[in-house]
Amino acid sequence: MSSLSRRNLLRLGTLAGAGGLLAACSRPEGAPAASTGGGNSGGPYTTIRSTATSYIWAPFLVAEKKGYFAEEGLQQNGKVAGQGVVANIVLAGDAEFVVGSPMDTMKSTAVGQPLISFCGMVTTLATNIVVSAESFEKAGLTDSSTPEQRGAAMRGMRLASTGVAGTPDLLIRYVSSNLGKLDPNKDLQIVPIQGGGSAMLAAVKNKQIDGMAISSPISDQAISDLGMKYLYDMSRDPVQPLVGFPYIMASCKKDFLEKNPEAIASYCRAIQRSLNFIQAEKDEFRDLLAGIFTDIKPEVFKTAFESNYPIYGKSIVPTPKQYEQAKEFVVTAFEINGSVTEAAAAKKIGFDDTWNASIAQQAFDKVGTSY
């Protein structure tokens with residue numbers, strides 16, 4: 001794929017390979033204990049995600065709040081882990097579903113721990129990069145600076161991500177390398193910070209970092225409360241090669257999908273109903289999120305809602321084009337890390353090895369659209 005070619009990506013710097021994703025398959029502290037699964041198609045089940053408050057989780061949160069999961073015959077609960085990559089929690093058997101980047105599940109599949117992504121939610125890489133006003137001005141940037149100028153301005157900055165190999169980490173590496181022509185391993189410092197947005201905001205206040213990669217509404221809160229500036233606003237003005245990127249999907253272990261197709265179908269129907277609701281009932285959707293993001297100032301919430309509203313997919317069905325886009329990142333990540341065997345394995349995996357569109361398509365055909 002030309003827009004995400006290896007020539008553009010090989011300079012991203014080292015990403016964690018199989019060890020980073022699969023290490024410590026014991027349950028992380030504070031992670032939920034899951035049900036045994038098997039043939040129990042109704043649950044209870046657990047869905048794990050990496051941070052608590054973000055617009056990128058909206059389709060899942062809508063399904064919870066509107067009761068779509070229950071109405072589709074599925075008893076499940078959403079849980080949060082304070083780390084960037086959480087697929088290992090599903091691999092350890094401490095959650096049935098993970099909502100997050102399908103790149104993590106593809107890496108896992110390539111090294112012999114099959115995870116299947118089956119339900120699309122967000123089709124924009126909606127993680128933003130914000131930096132302190134001091135760093136912005138010191139770099140000579142203005143609101144009209146080009147994406148290339150902004151990437152070059154990252155030289156010498158200390159930028160926080162949610163963890164090594166997570167999408168925020170990858171985004172920092174991508175823009176600094178592909179747009180700024182920098183070496184992300186030498187020309188800037190990427191600081192993994194667990195604990196979500198609050199921990200990053202505290203680090204900015206204490207001048208431990210100059211900026212961070214985080215999704216809305218935390219990025220908007222950083223601008224409102226700390227006077228930070230957008231380096232990259234991916235929701236409003238995304239980097240063009242990343243438009244349409246399959247950012248947030250639901251995934252599970254391969255054997256769970258094979259044993260519980262009805263549970264997967266119920267999950268898919270619930271999320272498609274969420275996407276329909278988001279498209280058809282914008283005002284009610286905004287009010288629902290306002291009841292969830294109660295710690296965000298009303299004016300910040302309003303701005304963030306409008307900028308993020310276009311990021312949600314209209315269909316849950318994952319496509320081959322999206323798969324190839326994500327696979328390009330996975331193969332390159334292994335190659336950068338020197339994991340030759342894993343890279344070769346990733347090249348060989350196909351759509352059906354780590355993505356499943358058939359159940360989502362059946363669910364979409366049954367639910368349809370309402371807008």
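Please read these numbers as outputs of a predicted model, since none were measured by experiment.
The same ILVMFWY cluster, assembled from side-chain heavy atoms under 4.5 Å apart, contains both L226 and I218. By the criterion of side-chain heavy atoms lying less than 4.5 angstrom apart, applied directly or through intervening Ile, Leu, Val, Met, Phe, Trp or Tyr residues, I172 is not grouped with V204; the two fall into different hydrophobic clusters. Both Y68 and V122 belong to a single network of hydrophobic side chains, linked directly or stepwise wherever heavy atoms of I, L, V, M, F, W or Y lie under 4.5 Å apart. In terms of hydrophobic clustering, with Ile, Leu, Val, Met, Phe, Trp and Tyr side chains grouped at heavy-atom distances under 4.5 Å, M200 and M157 are assigned to different clusters. Both L74 and M249 belong to a single network of hydrophobic side chains, linked directly or stepwise wherever heavy atoms of I, L, V, M, F, W or Y lie under 4.5 Å apart.
The pair K254-D353 does not count as a salt bridge, with every side-chain nitrogen at least 4.0 angstrom from each carboxylate oxygen. Using a 4.0 Å cut-off between charged side-chain N and carboxylate O, D225 and K297 make a salt bridge. For the pair K66 and E284, the salt-bridge criterion is met [side-chain N within less than 4.0 Å of a carboxylate O].
At a threshold of 4.5 Å between non-hydrogen side-chain atoms, the residues K302 and R286 do not count as touching. Between M234 and L171, the closest side-chain pair of non-hydrogen atoms falls below 4.5 Å. Counting heavy atoms from C-beta outward, I359 and Y267 have side chains that stay 4.5 Å or more apart. D94 places none of its side-chain heavy atoms less than 4.5 Å from the side chain of K79. In this structure, the side chains of S108 and L91 come closer than 4.5 Å at one or more pairs of heavy atoms. Taking 4.5 Å as the limit, some side-chain heavy atom of Q221 sits within range of a side-chain heavy atom of I296. The shortest side-chain heavy-atom distance between R173 and I190 falls under the 4.5 Å cut-off. Between K253 and Q113 there is no side-chain heavy-atom pair separated by less than 4.5 Å.
By the 6.0 Å contact criterion, NZ on K205 is open, its count of non-hydrogen atoms from other residues, nucleotides or ligands being 12 or less. Counting heavy-atom neighbours within 6.0 Å of E71 CD, excluding the residue itself, gives a total above 12.
No close placement of the Y232 and Y174 rings is indicated, their centers lying 6.0 Å or farther apart. Ring to ring, F305 and F293 are not that close: their centroids are 6.0 angstrom or more apart.
Judged purely by atom type and a 3.5 angstrom limit, Y309 uses its side chain to pair as donor or acceptor with the backbone of I278. A donor-acceptor contact shorter than 3.5 Å is absent between the side chain of R273 and the backbone of A63. In this structure, the side chain of E64 engages the main chain of G78 through a donor-acceptor pair within 3.5 Å. At least one donor-acceptor pair closer than 3.5 Å links the side chain of T146 to the backbone N or O of Q149. Between the Q272 side chain and the I316 main chain, a donor and an acceptor come within less than 3.5 Å of each other. T303 places no side-chain N or O within 3.5 Å of a backbone atom of V300 that could act as its donor or acceptor partner. R269 contributes no side-chain N or O that, together with a main-chain N or O of V367, makes up a donor-acceptor pair within less than 3.5 Å.
The aromatic rings of F97 and F256 lie perpendicular to each other, with more than 60° between the two planes, well past the 30° mark.
Between F301 and A290, the shortest heavy-atom contact is CZ-N, 3.4 Å. In terms of heavy atoms, A326 sits closest to P246 at CB-CG, 4.1 Å. In terms of heavy-atom proximity, A95 sits nearest to T46 at CB-O, 3.8 Å. Across W57 and S50, no two heavy atoms sit closer than the pair CZ2-OG, 3.6 Å. The minimum heavy-atom distance between A153 and L141, with the atom names listed, is CB-CD1, 3.6 Å.
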Test log, rule side chain to side chain contact (heavy atoms under 4.5 Å, CB included), inputs V130 and F136: CA-CA 9 Å; V130 293; F136 192 87; over 6 Å; no
Working for side chain to side chain contact (heavy atoms under 4.5 Å, CB included), residues I214 and T162: CA-CA 8 Å; I214 195 74; T162 54; 4.3 Å; yes
C252 and I264: CA distance, side-chain angles, deciding distance, side chain to side chain contact (heavy atoms under 4.5 Å, CB included) verdict: CA-CA 9 Å; C252 66; I264 302 298; 3.8 Å; yes
M103 vs F245, side chain to side chain contact (heavy atoms under 4.5 Å, CB included): CA-CA, chis, key distance, verdict: CA-CA 11 Å; M103 290 184 291; F245 192 85; 3.7 Å; yes
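How far CG of L288 is from CZ of F277: 5.5 Å, rounded to the nearest 0.5 Å. Distance NZ/K347 to NZ/K327: 9.5 Å, rounded to 0.5 Å. Separation of atoms CE (M121) and OG (S274) is listed at 8.0 Å; rounding is to 0.5 Å. Interatomic distance, CG of N276 versus NZ of K314, reported as 11.0 Å (0.5 Å rounding). To the nearest 0.5 Å, atom CD1 of residue I271 and atom CD of residue E72 are 10.5 Å apart. Atom CG of N356 and atom OG of S117 lie 10.0 Å apart (nearest 0.5 Å).
The side-chain hydrogen bond (donor to acceptor under 3.5 Å, both in side chains) with N128 is formed by just one residue from the set S215, S307, S219; it is S219. A side-chain contact (heavy atoms from CB on, under 4.5 Å) with S135 is found for exactly one of L231, D210, I209, namely D210.
In this view, Y230 satisfies the ring pair (Phe, Tyr, Trp, His ring centres under 6.0 Å) rule with no residue, not counting sequence neighbours.
Residues S235 and Y55 have side chains that never bring a donor and an acceptor to within less than 3.5 angstrom of each other. Side-chain contact check for S216 and N308: at least one donor-acceptor pair (N or O, by modelled atom type) lies under 3.5 Å.
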